[in-house]
Amino acid sequence: MSRFFSAKNWNRFFLYLLFICSTFSIAGTEVSITMLFLITLIHWFRDRQLSQLGNPLLWAILFFMASAVISGLLNAYETEHLMALRTNWRLLLPLLLAVILADVDEDRLLWVFFGFVMLIAIYGIIQYFYGVDWLRPDDQSFATPYLSGVSGENTVFHGKGNFTHHLTYGGFLLLCFPLLASLIFCIDWNPFTRLLTAIITILVLLAIGASLGRSIWLGAAVACAVLLFRLSPKLMLSLTILAIAGGTYLYTQFSEPSFQIRTPTTRIEVIQQRFISSFMIKANQDRILMWETGIAAIKDHFWLGIGYNNDAEIMPKYRELIKERTGHRFNNNAGIGVHNIYLQTWINYGLLGFLGYLSILFIFLTQSIRTLFQTTSFSYENSILWGGIAGVSGFMAAGFFENNFRDGEVQAMLLILMGLSLRQMQKLNERIFKP
C-alpha cells in the first residue's frame, strides 16, 4: 500500500493531469503544478538531492523573479510586488520536469497529450466555421465572430478552443506544433506512429490558421524555418527566398486602398485579408501606437519599471498624449498592455527584469543547441530538442506582437516544452557519467 502512494506514483498522476489539463483547463494546470512542486519539495528535503543547483537556467529564472519583486519594492508607485512572485513561481517547472519525467513512460505520456491536442485542434477548426462554445453555458459563451460577410452563412469566428482568447489558443498550439512536426521524423518511432503524428500536426496547423492570430502565424512560420534548417539548410534558404518573393507579390497585388476596406465574402478571403493586413501600416496603427506608448513609459521608468499590474493606472496618461497628437482612439484599454512582451516586461520590471526574461530564453536555447551535438540525428532526444528550439524561437518571434508569456495557459505549455527538452539533456548527462 505504501508503494502505491509513493512519490513516484503521485508524480505520474499529476504529470498526466498537467499534460491533459494544459489543453483546456488553467485551474487543473495550476493544481497539477502546485502538487508536483509540493511532492518534489518534500522529496528534496528528505533526500537532500538538489540536482539542478548548477544549472544556469535556474539562476536566470531566480534573477528574473527577484527583479520583478525588487521593481515593486523600489519604484515610485504602490504595487503588489509579492503578486509578481506569485505569478512567476511556476517558471521553475522545467527544472522540476527534467527530474520527475524519469518517473513516467515519456512516449505514452506524449501520446495521451497529443490525443487531447488533436481534440482541441479539431474543436478550434469547428469553431472557425460555426462559432460554437460547447464547453460553456450559452450565457457564458466566448464565441468571437471575426466579421460578417454579405449573409449570415459567411460569418467567421476566431478558433479559441476552451480558452478565453484566440491568441491564447493560438499561442498554446504554436508551442505544440513544432514538437509534433519534429517527431514526424523520429527514427525511434515506427512508420504508423509517425504517420499519425503527421496527421495531428496538420490538424494543429489548420487550427493555428483558424485562430486568425497573425502573430501566431508569424511564430509558426519561424518554427517551420528552424525545422527546415534541421532537414536542409539549403532547402530552408530556398524556401525562405520563395516566401519573401511570394509575400512581396501578394503585397503588390492586394495593397490598394480598396482592399483595406473591402468586406470579405468567403472564409478564404478572410484569411487572405488577415494575412495581407499584416503588411499595411494603417491596419496595424493601433498596435504601433501602443508600442509608442510603451517606449515613452520605458524612457520615464528605465531602471525599475512601473511595477506589477500597474498598467491600468500608469499607462493611460501615455495614451492621452498619443490621442492629443494623432486623434487616434485605441481599440482596447491600457490595462491589456502594449502587445509586445519585450516592451511589456521592461515597462513592468525595468531593465533588469527585461534582461532576466531574455536570459531565460537565451540560456535555454544555448543549452539545447549545445546538447544537439551529443545526440544522433533524428533520434527521439534529437527530435524533442529540435521541437523545443523551434517552439521557443517561434514563441519569441510572436512575442514582438503579443504578451502571451503572461497567459497562464501559454506559459504552462512553454514550460512543459522546455521541461521536455531539459529531460533529454538530463538523460544524455546520465549516460555520459554512468559508471
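The basis for the numbers below is simple: all heavy atoms, side chains too, and nothing from hydrogens, waters or symmetry mates.
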**Student:** Side chains of Asn55 and Gln367 only: does a donor on one sit below 3.5 Å from an acceptor on the other?
**Tutor:** yes
**Student:** Classify the ring geometry between Tyr123 and Trp134 as parallel (under 30°), tilted (30 to 60°) or perpendicular (over 60°).
**Tutor:** parallel
**Student:** Looking at Ser379, is its backbone amide N or carbonyl O close enough to the side chain of Thr376 to form a donor-acceptor pair, meaning the two atoms are under 3.5 Å apart?
**Tutor:** no
**Student:** I'd like to know if the side chain of Gln424 reaches the main chain of Leu420, judged simply by a donor and an acceptor atom lying under 3.5 Å from each other, with no hydrogens or angles considered.
**Tutor:** yes
**Student:** Look only at the side chain of Arg287 and the backbone of Phe401, and say whether a donor-acceptor pair between them is shorter than 3.5 Å.
**Tutor:**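 Checked: pair present.
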**Student:** Is the shortest heavy-atom distance from the side chain of Thr293 to the side chain of Phe330 under 4.5 Å?
**Tutor:** yes
**Student:** Tell me if the centroids of the rings in Trp346 and Phe302 come within less than 6.0 Å of each other.
**Tutor:**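 Yes; Phe302 has its ring centre under 6.0 Å from that of Trp346.
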**Student:** Could you check whether any side-chain heavy atom of Leu239 comes within less than 4.5 Å of a side-chain heavy atom of Leu242, counting everything from C-beta outward?
**Tutor:**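 Yes, at least one pair of side-chain atoms sits under 4.5 Å.
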**Student:** Rounded to the nearest 0.5 Å, what separation is found between the CG atom of Leu91 and the CG atom of Leu58?
**Tutor:** 11.5 Å
**Student:** Within the 4.5 Å heavy-atom criterion, are Leu38 and Leu41 side-chain neighbours or not?
**Tutor:**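 Contact flag for Leu38/Leu41 side chains = no.
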**Student:** Just verifying a value: how many Å separate Glu409 CD and Leu414 CG, rounded to the nearest 0.5 Å?
**Tutor:** 13.5 Å
**Student:** Decide yes or no on side-chain contact (heavy atoms from CB on, under 4.5 Å) for Ile26 and Glu30, but give the supporting numbers first.
**Tutor:** CA-CA 6 Å; Ile26 185 60; Glu30 291 284 355; 4.2 Å; yes
**Student:** Would you compute the distance between atom CG of Asn88 and atom OH of Tyr349 and round it to the nearest 0.5 angstrom?
**Tutor:** 5.0 Å
**Student:** Grab the two heavy atoms, one from Phe64 and one from Gly353, that are nearest each other, plus how far apart they are.
**Tutor:**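 Closest pair (atom of Phe64, atom of Gly353, distance): CD1-O, 3.3 Å.
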**Student:** Any side-chain donor paired with an acceptor under 3.5 Å for Asn348 and Gln344?
**Tutor:** yes
**Student:** Just by modelled atom types, is the Val156 backbone N or O under 3.5 Å from a matching donor or acceptor in the Tyr130 side chain?
**Tutor:**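 No, because the side chain of Tyr130 does not come within donor-acceptor range (under 3.5 Å) of the backbone of Val156.
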**Student:** So do Trp303 and Leu352 actually touch side chain to side chain, heavy atoms under 4.5 Å?
**Tutor:** no
**Student:** Which word best sums up how the rings of Trp189 and Phe114 line up, parallel for under 30°, tilted for 30 to 60°, or perpendicular for over 60°?
**Tutor:**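 Correct class here is perpendicular.
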**Student:** Below 4.5 Å, heavy atoms only, C-beta onward: do Phe37 and Leu92 meet side chain to side chain?
**Tutor:**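 Sidechains of Leu92 and Phe37: in contact.
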**Student:** Do Thr164 and Arg136 have side chains that get closer than 4.5 Å, going by heavy atoms?
**Tutor:** yes
**Student:** Any sub-3.5 Å donor-acceptor pair from Asn190's side-chain atoms to Thr193's backbone N or O?
**Tutor:** yes
**Student:** Taking all non-hydrogen atoms of both residues, which atom of Gly337 and which atom of Arg319 are closest, and how far apart?
**Tutor:**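 Minimum heavy-atom contact is O-NH2, 3.8 Å.
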**Student:** Mind listing the closest non-hydrogen atom pair of Gly391 and Leu417 along with its distance?
**Tutor:** CA-CD2, 3.9 Å
**Student:** Within the 4.5 Å heavy-atom criterion, are Leu97 and Leu422 side-chain neighbours or not?
**Tutor:** no
**Student:** I'd like to know if the side chain of Asn403 and the backbone of Arg406 have a donor-acceptor N/O pair within less than 3.5 Å.
**Tutor:** no
**Student:** Over all heavy atoms of both residues, which pair between Ala398 and Leu174 is shortest? Give the atoms and the distance, please.
**Tutor:**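 For Ala398 versus Leu174, the nearest heavy atoms are CB-CD2, 3.9 Å.
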**Student:** Indicate whether the side chain of Asn9 and that of Asp103 have a donor and an acceptor atom separated by less than 3.5 Å.
**Tutor:**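 Absent: no donor and acceptor within the cut-off.
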**Student:** Going by the side chain to side chain donor-acceptor pair (under 3.5 Å) test, name the single residue among Gln127, Lys160, His158 that passes it with Thr144.
**Tutor:** Lys160
**Student:** Roughly how far, to the nearest 0.5 Å, is the CZ atom of Phe400 from the OG atom of Ser215?
**Tutor:**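 Separation between the atoms: 12.5 Å.
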**Student:** Measure from the side-chain N and O atoms of Ser182 to the backbone N and O of Pro178, and report whether any donor-acceptor pair falls under 3.5 Å.
**Tutor:**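 Flag not set: sc Ser182 to bb Pro178 has no pair under 3.5 Å.
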**Student:** So do Ser71 and Tyr308 actually touch side chain to side chain, heavy atoms under 4.5 Å?
**Tutor:**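 No, every pair of side-chain atoms sits at 4.5 Å or beyond.
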**Student:** How long is the straight-line distance from OG1 of Thr23 back to CG of Asn162, given to the nearest 0.5 Å?
**Tutor:**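 Going from CG on Asn162 over to OG1 on Thr23, the span is 8.5 Å.
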**Student:** Should Ile33 and Phe14 be marked as a side-chain contact (heavy atoms from CB on, under 4.5 Å) after you check the CA-CA gap, both sets of side-chain angles, and the distance that decides it?
**Tutor:** CA-CA 8 Å; Ile33 294 175; Phe14 286 109; over 6 Å; no
**Student:** Closer than 3.5 angstrom, by distance alone: can the side chain of Trp291 be matched with the main-chain N or O of Val338 as a donor-acceptor pair?
**Tutor:** yes
**Student:** Please check if the side chain of Ser25 supplies one atom and the backbone of Cys21 the other of a donor-acceptor pair under 3.5 Å.
**Tutor:**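 Between the backbone of Cys21 and the side chain of Ser25 there is no qualifying donor-acceptor contact (under 3.5 Å).
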**Student:** Flag the pair Phe172 / Phe163 as yes when their ring centroid distance falls below 6.0 Å, and as no otherwise.
**Tutor:**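 Yes - the distance between ring centres of Phe172 and Phe163 falls below the 6.0 Å cut-off.
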**Student:** Of all heavy-atom pairs between Leu183 and Arg194, which one has the smallest distance, and what is that distance?
**Tutor:** O-CG, 4.1 Å
**Student:** From Leu385 CG over to Leu372 CG, what is the distance, rounded to the nearest 0.5 angstrom?
**Tutor:** 5.0 Å
**Student:** Kindly determine whether Ile122 and Met118 satisfy side-chain contact (heavy atoms from CB on, under 4.5 Å), including the steps that lead there.
**Tutor:** CA-CA 6 Å; Ile122 294 172; Met118 179 181 67; 4.0 Å; yes
**Student:** Which heavy atom of Phe364 sits nearest a heavy atom of Leu57, and at what distance?
**Tutor:**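 Smallest heavy-atom distance, with atoms named: N-CD1, 4.2 Å.
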**Student:** If you apply the rule ring pair (Phe, Tyr, Trp, His ring centres under 6.0 Å), what do you find for Tyr357 with Phe405, and how did you get there?
**Tutor:** CA-CA 10 Å; Tyr357 174 74; Phe405 182 74; 4.8 Å; yes
**Student:** Would you check if the side chain of Arg423 reaches a backbone N or O of Leu101 as a donor-acceptor pair within less than 3.5 Å?
**Tutor:** no
**Student:** In this structure, which one of Phe113, Phe13, Phe24, Phe116 forms a ring-ring contact (aromatic ring centres under 6.0 Å, His included) with Phe19?
**Tutor:** Phe113
**Student:** Would you call Lys427-Glu106 a salt bridge at under 4.0 Å N-O?
**Tutor:**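 Counted as a salt bridge, because a side-chain N and a carboxylate O are separated by less than 4.0 Å.
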**Student:** Do Phe229 and Ile389 pass the side-chain contact (heavy atoms from CB on, under 4.5 Å) test, and can you show the C-alpha distance, the side-chain angles, and the key distance before you say yes or no?
**Tutor:** CA-CA 12 Å; Phe229 184 84; Ile389 293 167; over 6 Å; no
